[in-house]
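Taking it in order: structure first as structure tokens, then the write-up.
Indexing begins at 1, ligand by ligand and atom by atom, following the structure's order.
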Amino acid sequence: MSEGAETDETADADPNLRIAVTGAGGRMGTEVIAAAVDREDLAVALAVNRSETEPVSGVAVDPADEFAERLDAVDPDAVVDFTGPESAVAYAEACADAGVPLVTGTTGFSDAQFAALEDVAKSVPVLKAANFSRGIAALRRAVREAAAAVPDYDVEVTETHHNGKRDAPSGTANTLLDDLEDVREDLSRNGRVHGREGDAPRQPGEIGVHARRAGDVTGEHEVLLAGNHEVLELTHRAGDRGVFAAGALDAAVWLADRPAGWYDFGDVIDDA
Ligand SMILES: NC(=O)C1=CN([C@@H]2O[C@H](COP(=O)(O)OP(=O)(O)OC[C@H]3O[C@@H](n4cnc5c(N)ncnc54)[C@H](OP(=O)(O)O)[C@@H]3O)[C@@H](O)[C@H]2O)C=CC1
Ligand SMILES: O=C(O)C1=N[C@H](C(=O)O)C[C@H](O)C1
């Protein structure tokens with residue numbers, strides 16, 4: 001048993017929601033654990049990471065290859081995952097085997113990996129969100145309404161992130177694109193143009209998609225709507241990763257007693 005993690009003796013005495021955190025050594029994993037340690041309503045009962053297993057905010061970190069075994073032993077109320085697509089699917093399948101709900105913020109899934117997550121949701125509740133900030137949830141609603149109100153305006157989506165981000169465009173940008181294509185019949189996935197160069201005049205039905213990587217930018221998303229001699233720019237800027245961690249932990253508290261199925265962050269916000 002890892003020191004620092006909850007012991008069996010305290011398990012019954014501790015009324016908190018007990019969570020497991022994967023990717024504990026990562027940018028988001030460390031943020032989630034730090035935020036959890038500061039909250040009264042939950043405790044970190046298990047934390048794993050693939051390489052570094054130094055304690056995080058005083059919480060012991062176990063090797064990722066022990067996850068399935070430790071999950072059975074610890075039996076947390078939910079797992080919070082911010083890792084990478086391959087690992088997230090493996091962690092999700094372990095959650096299905098152990099009957100533990102999963103909150104995942106990981107992005108960059110292939111269609112096959114996404115289908116594997118949907119399969120897990122047949123066994124346990126799965127809540128997936130590319131962005132756990134309430135501001136992006138609000139931006140999504142504003143974008144859907146604005147885009148529908150100007151059905152013939154050109155649309156461009158730009159996202160900016162730190163220079164360590166692996167996937168492009170961001171999961172949030174893909175979610176905004178899905179929203180735009182849902183409310184605008186002239187827009188579809190085939191119309192997405194990722195960057196432009198050479199002789200590239202805009203075609204009808206195009207959405208320009210631009211991914212910028214620089215410095216330590218936490219996460220910025222802009223939807224531009226232009227036409228009829230005017231421009232709308234709808235923008236969200238995340239100040240720090242604590243905004244995502246707070247949303248993910250709120251989602252874990254919300255998800256812990258739900259039935260098996262597929263959920264998203266909007267379900268949490270709408271239930272507040
Ligand atoms: N939904 C949301 O609100 C947010 C989502 N994200 C997403 O969360 C994910 C993680 O972001 P971030 O914390 O910045 O990433 P980091 O690279 O900082 O951390 C990833 C962590 O996951 C571990 N890991 C395990 N398997 C993989 C894998 N296959 N690929 C990459 N890492 C793996 C890493 O372990 P090791 O270091 O030992 O390899 C590391 O501890 C990304 O997909 C990102 O887009 C990020 C912020 C907010
Ligand atoms: O990798 C990040 O940092 C982030 N990734 C998420 C995404 O891909 O949308 C969410 C947030 O923008 C930060």
When only distance counts, is [X] in polar contact with ligand 1, meaning an N/O pair under 3.5 Å?
{"X": "Thr106", "value": "no"}
{"X": "Ala24", "value": "no"}
{"X": "Met28", "value": "yes"}
{"X": "Thr107", "value": "yes"}
{"X": "Arg166", "value": "yes"}

Does [X] pair with [Y] as a salt bridge, N-O distance under 4.0 Å?
{"X": "Asp271", "Y": "Arg258", "value": "yes"}
{"X": "Asp154", "Y": "Arg202", "value": "yes"}
{"X": "Arg134", "Y": "Asp250", "value": "yes"}
{"X": "Glu159", "Y": "Arg213", "value": "yes"}
{"X": "Arg70", "Y": "Asp72", "value": "no"}
{"X": "Arg196", "Y": "Glu156", "value": "yes"}
{"X": "Arg192", "Y": "Glu206", "value": "no"}
{"X": "Asp270", "Y": "Arg141", "value": "yes"}

Select one of side chain, backbone, both or neither to describe which atoms of [X] lie under 4.0 Å from any atom of ligand 1, heavy atoms only.
{"X": "Arg241", "answer": "neither"}
{"X": "Ser170", "answer": "neither"}
{"X": "Pro85", "answer": "neither"}

(request) Please indicate whether any nitrogen or oxygen in Gly171 is less than 3.5 Å from any nitrogen or oxygen in ligand 2. (result) yes
(message) Using heavy-atom distances only, which candidate in His221, His236, Arg241, His161 approaches atom 4 (C) of ligand 2 most closely?
(response) His161
(message) When you measure from the side chain of Arg18 to the backbone of Val74, do you find a donor-acceptor pair of N or O atoms at a distance under 3.5 Å?
(response) yes
(request) Without swapping roles, check the side chain of Thr104 against the backbone of Thr106 for a donor-acceptor pair under 3.5 Å. (result) yes
(message) Would you say atom 41 (O) of ligand 1 makes contact with the protein, given that contact here means a non-hydrogen protein atom less than 4.0 Å away?
(response) yes
(message) Does only the side chain of Thr175 get under 4.0 Å from ligand 2, or the backbone, or both, or neither? Count heavy atoms.
(response) neither
Please state which protein non-hydrogen atom is closest to [atom] and give its distance, to 0.1 Å?
{"atom": "atom 34 (C) of ligand 1", "result": "Asn49 OD1, 4.0 Å"}
{"atom": "atom 1 (O) of ligand 2", "result": "Lys165 NZ, 2.9 Å"}
{"atom": "atom 3 (O) of ligand 2", "result": "His162 NE2, 2.9 Å"}
{"atom": "atom 18 (O) of ligand 1", "result": "Arg27 N, 2.9 Å"}
{"atom": "atom 6 (C) of ligand 2", "result": "Ala130 O, 3.5 Å"}
{"atom": "atom 9 (O) of ligand 2", "result": "Thr172 OG1, 2.6 Å"}

(message) Show me which atoms of ligand 1 lie under 4.0 Å from any heavy atom of Gly25.
(response) 41 (O)
(request) Give the atoms of ligand 1, by number and element, whose distance to some non-hydrogen atom of Lys165 is under 4.0 Å. (result) 45 (O)
(request) Please determine, by modelled atom types, if Asp167 and Thr107 share a side-chain donor-acceptor pair under 3.5 angstrom. (result) yes
